[in-house]
Amino acid sequence: MKAVEVAPGVHWIGALDPGMRDFDIILKTANGTTYNAYCVRGSSGVAVIDTVKESHAGEFFRRLEQVAGYDEITTIVLNHLEPDHTGALPELMRRAPNARLFISFKAQTMLKGLLKSEALAYTPVDTGDSVSLGDRTLRFLHTPFLHWPDTQCTWLEEDRILFSGDVFGCHFCDARLFNDRVGDFRFSFEYYYRHIMRPFREHVLAALDLIEPLAPALIAPAHGPVLRDAPSAYPRRYRQLASPQLANEAERDKTLLIFYISAYGNTARMAEAVRDGAESVDGVRVSLFDLQGGEVTPFVDLVEEADGLAFGSPTINGDAVKPIWDLLSSLAVIKVGDKLGASFGSYGWSGEAVAMIEDRLRGLKLRVPVSGIKVKLIPTDAELALCRDYGRELALHLTGRAARKVISMEELLSAAPATNPAITAKAVPTATP
Ligand code: FEO
């Protein structure tokens, strides 16, 4: 229960949670986690940076009391408002009446939503803003979406210490605390990045542009070991992880991945026809994958780098089949909102799968520019030709050469729906190539 000095006048006052096995439902923790909070003493004030989960508040307050009196606290900084860091905040503010609370400007509505208090006084800050503790200065870096919109880092200028919030953190509990003393936590660091930060890699790169030039002498994250040995290795590793993972031999080409699964070969035939149609368009590289052939997890890296995704599934008991949903659910850890999505499949009597997959793709913020295509049982030559048209249409959208669609009121009002309204819709050339 001792506070731990991480630099002269700077103490770790967090809490250990070795029993934690599931974090935020989606994360497994092999040996628990820590909720790191810090106390910085300056010549004219004391700052507390982050707090801990409410269940561990007692441990946090006992450590804080070893290094500061509540009346000395002039500054409370929250780098991130998730409850594992704000749980002890209301009680801390009650005990430290002289303190001003600093949060990122993006955190303001979240603070009200979390603490349900309109009366709570706070100061919103942005990159470049600072607060003085006399001989020490805390400067703020706005680093949104690492991994919430509100996240920021706090830079202790004179000591070159970065209080990084969740960034560079990991769920790894070891009371020896420092990265050069704890057990091997590399797997936790990588796992945490891949599950927490990976969907926001553009924001990670933007944050690294702020952080790396500072060359921190010590990084103090909100979870896991304090990074005092070779701290620059951790931003460097984030930059590697946030950069494209797979080299594409034909870099100028757009990439379309077609995933399918087929009970009797009908959806497979459609998939091949979609592929053939897409391949007929210059500048598109098409790949075809049968999901019956293996696990879905290895495809995640490929999907992250792709420009378009098409999913083919039969309808069984009114639903798409499990491997398709497994792959779609595994995409939560990457950014897919900038991709094109498509769906097709053979069905026996109801055929809901195509529309269900499209709905899911839209829910994931993919662009679905062409209505999906479904075929009753065995595709005819004419229907396979329609699949080829569909593939070609997708490829034209990928390369920015698709014809602009004009909605026909006649078709809209027609009682007989077209098999694929998007393909049969009238089209006019785009204004720009
Ligand atoms: Fe550690 Fe995003 O909270």
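Whatever order the structure lists ligands and atoms in, that order sets their numbers, starting from 1.
- For His195 and Tyr191, the distance between ring centers is under 6.0 angstrom.
- Evaluation of the salt bridge (charged side-chain N to carboxylate O under 4.0 Å, His left out) test over residues 335-346, restricted to residues two or more places apart or in two chains, returns Glu202-Lys335.
- The closest donor-acceptor contact from the side chain of Ser262 to the backbone of Ala268 lies under 3.5 Å.
- Remark: of the listed residues Tyr35, Phe145, Trp148, Trp148 is the sole one forming a ring-ring contact (aromatic ring centres under 6.0 Å, His included) with His80.
- Arg201 is linked by a salt bridge (charged side-chain N to carboxylate O under 4.0 Å, His left out) to Glu304, Glu305, counting only residues two or more places apart in sequence or in another chain.
- Among pairs with a residue in residues 292-317, those fulfilling ring-ring contact (aromatic ring centres under 6.0 Å, His included) read Phe259-Phe299, Phe259-Phe311, Phe289-Phe299, at least two apart in sequence or across chains.
- Any protein N/O/S atom under 2.8 Å from atom 2 (Fe) of ligand 1 was counted, giving 4 altogether.
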